[in-house]
There are 2 protein chains.
Amino acid sequence: MDEVAATPRSLKHVAVREYVRSLVEGADAGSPAPSERELVQRFGVARMTVRQAMDALVSEGLLERMPGRGTFVARPRRRVGRLTSFTEDMERRGMLAESQTLLARREQAGPGVAKALGITPGDAVIHWKRMRYADNAPMCIEDAYLNEVLLPGFLQAAMPTSLFDALAARGLRPTWAEDAITSDKANAEEANLLQVQPGTSVLVVARRALAGEKPVEVSRSVYRADRFTLWVQLGEES
Amino acid sequence: MDEVAATPRSLKHVAVREYVRSLVEGADAGSPAPSERELVQRFGVARMTVRQAMDALVSEGLLERMPGRGTFVARPRRRVGRLTSFTEDMERRGMLAESQTLLARREQAGPGVAKALGITPGDAVIHWKRMRYADNAPMCIEDAYLNEVLLPGFLQAAMPTSLFDALAARGLRPTWAEDAITSDKANAEEANLLQVQPGTSVLVVARRALAGEKPVEVSRSVYRADRFTLWVQLGEES
DNA sequence: TAGTGGTCTAGACCACTAT
DNA sequence: TAGTGGTCTAGACCACTAG
């Protein structure tokens with residue numbers, strides 16, 4: 001009824017959590033965080049409330065508890081295999097990513113693509129094939145199929161440089177992907193597009209990308225191995 | 001002093017947690033877990049204690065809370081890029097992994113290896129080069145350097161098939177690795193060992209593996225691309 | 001309306017660490 | 001000995017869901 005509705009309660013544990021986060025952000029690993037009883041005093045809340053706040057930061061990996069000693073800023077966790085787009089990947093390498101569309105049209109899904117996208121063969125898919133450049137030189141040929149049902153009007157809209165951005169705008173930024181990575185020799189067409197000799201060794205990445213539970217993209221990317229090294233971080237379960 | 005020392009306290013929240021885990025393990029996703037108040041009754045504990053138990057299972061990804069409805073078995077989380085050994089990898093592919101040592105000796109670390117292992121050039125390293133077979137056919141040439149300081153007497157001991165097992169026995173099973181994946185043409189020696197034509201396209205994986213904070217292994221593996229596809233799962237932060 | 005999870009209180013005792 | 005985090009109690013009110 002009144003304007004308080006947007007934030008119905010103060011959520012004390014959130015207040016405590018964000019206060020501690022602001023203290024701790026940017027601090028060196030090993031710096032002490034306020035003790036729980038100190039936060040109880042400062043905020044005038046029960047200790048269980050403070051613990052709830054700290055629990056969240058601990059499970060986030062920001063803090064580390066040491067019984068009998070106190071709570072401290074944890075060393076940053078190692079990051080495991082983040083999912084990035086070509087554009088983001090090139091940016092991370094300090095290169096400028098550009099694209100040239102080779103083909104963009106509506107097609108009927110073949111059996112392989114249909115299975116990977118979790119649709120029925122013959123269903124509509126968007127077939128988008130692009131040359132990918134980094135610092136003005138050929139880097140990769142990307143051949144992608146997208147689930148048309150999830151992307152109405154995609155081909156009519158102005159084609160963006162970043163597929164991930166376009167998907168993100170529809171709330172479909174991929175959150176998970178499985179890649180199958182192989183090595184091959186460039187055929188005549190690939191060699192021509194990549195501006196290498198036919199038979200040159202290329203790196204081939206076949207990707208199936210999902211946004212939440214929904215498969216959105218299946219693609220095959222052929223990289224120039226002389227310009228591109230794929231970096232992967234692997235870890236045990238967090 | 002007496003035999004109770006091994007389990008000094010009953011840890012009620014652990015008892016509740018493991019009880020719920022046993023109920024829930026193997027159950028279908030979406031099945032209801034006992035309600036919190038039901039567990040309060042059954043165990044005669046406070047609700048906060050039950051919540052502590054359930055919190056653990058929720059953050060493990062085993063349970064999912066739905067306010068106003070209850071707590072349910074969560075759908076299994078997607079796994080992100082697990083770190084496996086060659087032996088485990090081949091087992092997962094339903095193939096029999098075997099090895100043949102080509103070289104195993106103590107050496108002085110060169111600058112590149114030293115940097116990767118976080119030691120000083122000239123420090124002792126173990127250089128271990130092996131042929132890796134899968135189902136009795138060549139699959140990979142693995143050329144590894146290990147930090148000798150962490151593995152005293154490694155060369156004197158019987159050389160195991162699985163490096164990961166050997167490291168695990170010393171509490172040094174790698175928990176994190178960064179791979180740099182490229183594609184190349186087999187040179188004469190590689191072609192001979194892999195039993196392919198020289199110039200055949202091969203997949204090259206350069207790995208740096210850490211156990212906790214300690215770099216233990218740096219290696220370069222050359223795979224037959226016609227027999228091997230590398231699978232990688234990528235995800236956003238959990 | 002009954003039941004669920006979400007939040008919160010105001011205490012308590014314990015084991016452990018550091019001084 | 002003083003302080004810390006770990007565990008636990010016995011309540012309470014709230015928003016939400018479902019019948």
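Residue numbers start from 1 in every chain, and the chains themselves are labelled A, B, ... in the order their sequence lines are given, proteins ahead of strands.
Listed nucleotides: D:dG5, C:dT9, C:dT7. Nearest to the side chain of A:H13: C:dT7. Of the candidate nucleotides C:dG5, C:dT9, D:dG5, C:dT9 has the atom lying nearest to any side-chain atom of B:M48. The listed nucleotides are C:dT7, C:dG5, D:dT9; the one nearest the side chain of A:L11 is C:dT7.
The side chain of B:R51 places no N or O atom within less than 4.0 Å of a non-bridging phosphate oxygen (OP1 or OP2) of C:dG5. Dashed line: the shortest gap from a side-chain N or O of B:R69 to OP1 or OP2 of C:dG5 is not under 4.0 Å. Side-chain nitrogen and oxygen atoms of B:T49 include none within less than 4.0 Å of the OP1 or OP2 phosphate oxygen of D:dT7. Contact annotation: A:S35 side-chain N/O to D:dG3 OP1/OP2 distance is not under 4.0 Å.
Below the 3.5 angstrom threshold, one finds no donor paired with an acceptor across the side chain of A:R47 and the base of C:dG11. Put simply, the side chain of B:R37 and the base of C:dG5 share a donor and an acceptor less than 3.5 Å apart.
The separation between B:E64 atom CD and C:dG6 atom C1' is 16 Å, rounded to whole Å. A:K12 places its NZ atom 13 Å from the P atom of D:dC14, with the value rounded to the nearest Å. Atom CG in B:L57 sits about 15 Å away from atom C1' in C:dG5, given to the nearest Å. Nucleotide C:dG6 holds its C1' atom 15 Å from the CE atom of B:M66, rounded to whole Å. Atoms CG (B:L63) and C1' (C:dT4) sit 15 Å apart, rounded to a whole Å. In this structure, CD of B:E36 is placed 17 Å from P of D:dG11, rounded to the nearest angstrom. Distance, A:Q52 CD to D:dG5 P: 17 Å, rounded to whole Å. The CD atom of A:E38 sits 19 Å away from the P atom of D:dA2 (whole-angstrom rounding).
Classified by interplanar angle (parallel below 30°, tilted 30° to 60°, perpendicular above 60°), the ring pair A:F43/A:Y19 is perpendicular. Classified by interplanar angle (parallel below 30°, tilted 30° to 60°, perpendicular above 60°), the ring pair A:F228/A:Y223 is parallel. Note: B:Y145 and B:H127 have parallel aromatic rings, judged against thresholds of 30 and 60 degrees for the angle between ring planes.
In this structure, a donor-acceptor pair under 3.5 Å is absent between the side chains of B:S219 and B:R207.
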Could you walk me through whether A:V216 and A:L151 satisfy the side-chain contact (heavy atoms from CB on, under 4.5 Å) test, starting with their C-alpha distance in whole Å, then the side-chain angles of each, then the deciding distance to 0.1 Å, before giving a yes or no? CA-CA 9 Å; A:V216 291; A:L151 298 162; 5.9 Å; no

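Pairing for C:dT4 is with D:dA15, a Watson-Crick or G-U wobble pair whose two hydrogen-bonding atom distances lie under 3.5 Å.
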